[in-house]
Number of protein chains: 2
Amino acid sequence: MVRKTKEEAQATRNQLLDAAARLFCEQGVASSSLHEIAEAAGLTRGAIYWHFENKGDLLTALWERVALPMQQAFDEVAQQQAMDPLARIQRKACWVAECIETNEPVRMLMTILMLRCEFTQELESTRGHFLRVREDCLTQMAEEVRLAMQAGQLDPAQDNEKIAVGLFGLVDGLCFHWLIAPGRFQIASVTRLSVSAYLAGFKP
Amino acid sequence: MVRKTKEEAQATRNQLLDAAARLFCEQGVASSSLHEIAEAAGLTRGAIYWHFENKGDLLTALWERVALPMQQAFDEVAQQQAMDPLARIQRKACWVAECIETNEPVRMLMTILMLRCEFTQELESTRGHFLRVREDCLTQMAEEVRLAMQAGQLDPAQDNEKIAVGLFGLVDGLCFHWLIAPGRFQIASVTRLSVSAYLAGFKP
DNA sequence: ATTTACATACATACAAGGATGTATGTATAG
DNA sequence: CTATACATACATCCTTGTATGTATGTAAAT
């Protein structure tokens with residue numbers, strides 16, 4: 001039972017990613033051996049080494065599988081021209097929190113990235129991805145803030161980049177706390193409240 | 001050259017903690033073997049196993065060595081009765097950011113906890129410590145918020161706990177971003193700006 | 001329509017190197 | 001003399017990477 005069709009091979013790859021996500025999430029990246037992952041997927045390490053280079057590559061693939069569609073959805077929210085700049089900012093910030101709560105793959109990936117992996121030399125490429133995506137989002141967000149300033153919704157005397165950085169910190173920090181202390185608070189409502197207060201603090 | 005005095009033994013223990021902090025920070029907790037740590041401290045694994053039970057215990061000790069004095073300093077800030085409640089809140093929130101920037105042991109520990117370790121079963125006790133300290137701080141902060149509401153500085157119609165949770169998220173999120181992208185922004189100034197805007201958004 | 005040839009998609013086997021925990025040795029402070 | 005504060009030695013278990021085996025899909029040649 002070898003040499004399957006391309007579709008079956010893709011299914012195998014997804015099985016491996018699913019198993020890796022579950023094990024990484026449960027017991028951490030370092031503590032999950034490739035043998036365990038393969039076994040959890042009902043396969044052997046040979047399958048892993050066929051589809052991926054090593055554990056780092058596996059994690060990167062996991063991240064891409066979730067992040068790519070998420071990035072698209074994020075951009076779609078950004079295209080909502082019906083809303084004014086400030087409403088768009090608020091919507092985008094809260095959307096991340098909602099995703100973490102409702103979308104299990106996203107929640108698992110964020111759990112892995114924030115609590116179950118070590119950003120060391122081995123995962124340098126993963127960290128690079130992370131930083132680049134973050135930088136893109138930050139640039140977009142700073143631009144939105146600038147537009148909100150132009151529209152008279154935020155104080156134009158402020159630094160739009162700093163405002164965007166603070167907003168990112170707020171959202172990611174809430175995600176971090178919610179993930180490490182699950183069920184401690186309602187992330188969606190707290191994020192809505194916090195973000196609107198934060199933005200209100202920058203009104204002219 | 002064995003059987004040293006108690007002071008010398010304590011110094012040995014500190015050497016081990018110093019070496020562990022450095023290695024954990026540089027290459028992560030999981031990637032740092034006890035042999036490496038002992039070697040970096042100019043000792044052997046025997047010394048580690050004499051002073052600590054295992055790697056998890058070592059990390060817990062590391063955390064306690066930094067967190068205990070930090071907790072005290074934090075409480076001292078809380079005792080500043082000269083300031084009004086809102087100023088105290090602002091001061092405490094910003095103090096963390098300042099610490100991370102100026103106090104190297106604190107920065108290293110936060111780097112380890114946020115980026116270089118996996119909160120899995122093995123570090124369950126460390127995570128427990130973390131959560132308990134966080135819960136204490138949160139309770140204190142919520143109380144301060146309540147006082148600020150009583151003093152008419154914040155909107156009493158709001159939920160003081162939620163405000164405190166949001167503040168924690170903001171501060172920790174900024175720390176996280178600053179640690180993962182070092183030098184990307186000035187943490188002290190951004191934190192000051194963000195926190196004051198956040199709090200301003202809750203004014204009556 | 002077979003056969004041939006090759007690439008694909010894994011499974012299995014092998015070698016080497018740690019890492020951990022523990023048991024034991026040992027010199028000295030108290 | 002005894003407990004202390006380590007160093008050393010040992011056994012066990014994993015883990016990774018790679019090399020090799022193998023069965024099948026697929027396309028081209030005949």
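Note on naming: letters A, B, ... go to the chains in the order of the sequence lines (proteins, then strands), and numbering restarts at 1 for each one.
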To the nearest Å, give me how far apart CD (Glu53(A)) and C1' (dT16(D)) are. 15 Å
For Leu179(B) and Ile100(B), the nearest pair of non-hydrogen atoms, with its separation, is CD2-CG2, 4.3 Å
Indicate whether OP1 or OP2 belonging to dC10(C) is found under 4.0 Å from a side-chain N or O atom of His51(A). yes
Rounded distance in Å - CZ (Phe52(A)) to P (dT16(D)): 15 Å
Does the side chain of Thr12(A) get closer than 4.0 angstrom to OP1 or OP2 of dA9(C) through an N or O atom? no
Go nucleotide by nucleotide along DNA chain D from the 5' end; which of Leu34(A) and Gly46(A) gets its closest nucleotide reached first? Leu34(A)
Quick one: is Trp50(B) getting a side-chain N or O under 4.0 Å of the dC6(D) phosphate, OP1 or OP2? no
Is the phosphate of dT16(D), meaning OP1 or OP2, less than 4.0 Å from a side-chain N or O of Lys55(A)? yes
Check: Arg45(A) side chain, dT15(D) base, donor-acceptor under 3.5 Å: no
Is the phosphate of dC10(C), meaning OP1 or OP2, less than 4.0 Å from a side-chain N or O of Tyr49(A)? no
Closer than 4.0 Å, any side-chain N/O of Ser33(A) to the OP1 or OP2 of dT15(D)? yes
Tell me if the CD atom of Glu101(B) is crowded by more than 12 foreign heavy atoms within 6.0 Å. yes
Determine whether a donor-acceptor pair (N or O, by modelled atom type, separation under 3.5 Å) exists between the side chain of Trp178(A) and the backbone of Phe185(A). yes
Listed nucleotide nearest any side-chain atom of Lys6(B), set dC6(D), dG17(D), dA5(D): dA5(D)
